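Quick notes on the structure that follows.
Since this is a predicted model, take the numbers as computed values, not measurements.
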Amino acid sequence: MQICDSYSQKYSLFNAMNRFIGAVNNMDQTVMVPSLLRDVPLLLEELDAAGAVCPQRETPLPAGDPGAYFSRRDMYSHYMLLKSIRNDIEWGVVQPAAGEEATRKKDKLGGGPAEEGEGEEDLEQQFHYHLSGLHSVLSKLTRKANVLTNRYKQEIGFSSWGQ
């Protein structure tokens with residue numbers, strides 16, 4: 001497998017990570033005053049719009065909606081979340097102590113020595129499952145960063161700024 005081939009792959013994890021980091025870097029460069037994002041709601045409909053200019057919403061959010069938690073968070077909390085995830089991707093995360101990690105792995109696999117062989121047999125399946133999930137999450141986070149950037153431009157009155 002050549003490294004050059006991975007750059008042209010649409011569903012490459014590497015490309016998804018680069019798109020996400022690029023979108024967050026663009027967001028970070030665009031948002032000059034992050035405190036302006038406080039108390040400005042970012043609605044779920046905006047996140048689904050994939051970066052389009054979003055109309056203002058006048059109706060209150062439904063109280064029983066489990067997804068309403070994320071829509072009630074302000075743009076500043078999304079901004080900080082996206083920057084934090086970008087930093088984790090670029091610099092890594094703190095690894096747990098060796099004893100904690102071994103205990104957690106045993107809990108996930110069922111803990112018994114007879115089950116360890118079974119856990120290793122489906123490593124490829126687990127890898128593909130997590131790789132697919134990570135790609136999906138990165139795509140959603142990239143859209144979120146792009147929407148936040150566009151919404152910030154809309155809020156400060158520069159809807160066509162930088163395009």
Side-chain angles (χ1 to χ4, degrees), residues 6-97 100-101 103-105 107-109 123 125-163:
S6 69
Y7 288 105
S8 63
Q9 298 296 322
K10 180 179 179 180
Y11 297 107
S12 162
L13 179 60
F14 181 73
N15 286 337
M17 287 172 39
N18 280 335
R19 282 191 301 270
F20 169 71
I21 290 171
V24 173
N25 286 341
N26 182 38
M27 175 192 74
D28 202 21
Q29 291 172 356
T30 301
V31 178
M32 298 290 206
V33 185
S35 62
L36 290 177
L37 300 173
R38 289 195 190 275
D39 300 326
V40 178
L42 185 63
L43 305 173
L44 289 177
E45 291 81 17
E46 293 175 327
L47 297 177
D48 293 337
V53 176
C54 308
Q56 297 294 329
R57 182 174 172 165
E58 299 292 329
T59 58
L61 296 169
D65 183 12
Y69 169 75
F70 291 106
S71 63
R72 288 194 178 123
R73 294 173 61 188
D74 62 4
M75 286 178 52
Y76 182 78
S77 62
H78 285 280
Y79 173 81
M80 295 307 294
L81 173 71
L82 291 165
K83 284 185 62 170
S84 173
I85 292 171
R86 179 199 57 193
N87 288 341
D88 287 346
I89 289 174
E90 289 180 332
W91 299 102
V93 293
V94 176
Q95 297 296 321
E100 287 179 34
E101 189 174 334
T103 304
R104 190 171 50 198
K105 283 182 181 178
D107 290 343
K108 283 184 178 181
L109 293 176
L123 284 178
Q125 181 182 2
Q126 290 176 11
F127 171 76
H128 287 292
Y129 172 78
H130 290 291
L131 183 66
S132 172
L134 184 57
H135 188 277
S136 173
V137 167
L138 284 170
S139 296
K140 290 175 185 177
L141 290 171
T142 302
R143 277 195 306 273
K144 199 180 245 192
N146 289 332
V147 166
L148 193 143
T149 302
N150 290 334
R151 177 74 187 278
Y152 178 81
K153 290 177 186 178
Q154 179 184 357
E155 288 293 321
I156 62 170
F158 291 108
S159 60
S160 62
W161 185 51
Q163 293 180 357

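Side chains of Asp28 and Tyr79: a donor-acceptor N/O pair is present below 3.5 angstrom, by distance only.
Residues meeting the side chain to side chain contact (heavy atoms under 4.5 Å, CB included) test with Leu13, sequence neighbours left out: Met17, Leu131, Leu134, Leu138. For Arg86, the side chain to side chain donor-acceptor pair (under 3.5 Å) partners at least two apart in sequence or on another chain are Asn25.
Considering every non-hydrogen atom in both Asn146 and Ala23, the closest pair reads OD1-CB, 3.4 Å. Taking all atoms of both residues into account, the shortest heavy-atom contact from Arg38 to Asp74 is CA-OD2, 3.5 Å. Smallest separation of non-hydrogen atoms from Arg151 and Pro41: NH1-O, 2.7 Å.
Side-chain atoms of Ser139 come within 3.5 Å of backbone N or O of His135 as a donor-acceptor pair.
In this structure, CD in Glu90 is found 12.5 Å from CD1 in Ile85, a value given to the nearest 0.5 Å. Atom NE2 of His78 and atom NZ of Lys83 lie 16.0 Å apart (nearest 0.5 Å). Expressed to the nearest 0.5 Å, how far CZ of Arg19 lies from CD1 of Ile21 amounts to 11.5 Å. Here the CG atom belonging to Leu148 is positioned 10.0 Å from the OG1 atom belonging to Thr30, to the nearest 0.5 angstrom. Remark: Lys144 NZ to Met75 CE distance equals 12.0 Å, nearest 0.5 Å. Atom OG1 of Thr149 and atom CG of Leu82 lie 8.5 Å apart (nearest 0.5 Å).
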Worksheet entry | Step-by-step side-chain contact (heavy atoms from CB on, under 4.5 Å) determination, Tyr152 to Leu36 | CA-CA 9 Å; Tyr152 178 81; Leu36 290 177; 4.1 Å; yes
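For the salt bridge (Lys or Arg N to Asp or Glu O under 4.0 Å) condition, no pair includes a residue of residues 127-136, sequence neighbours left out.
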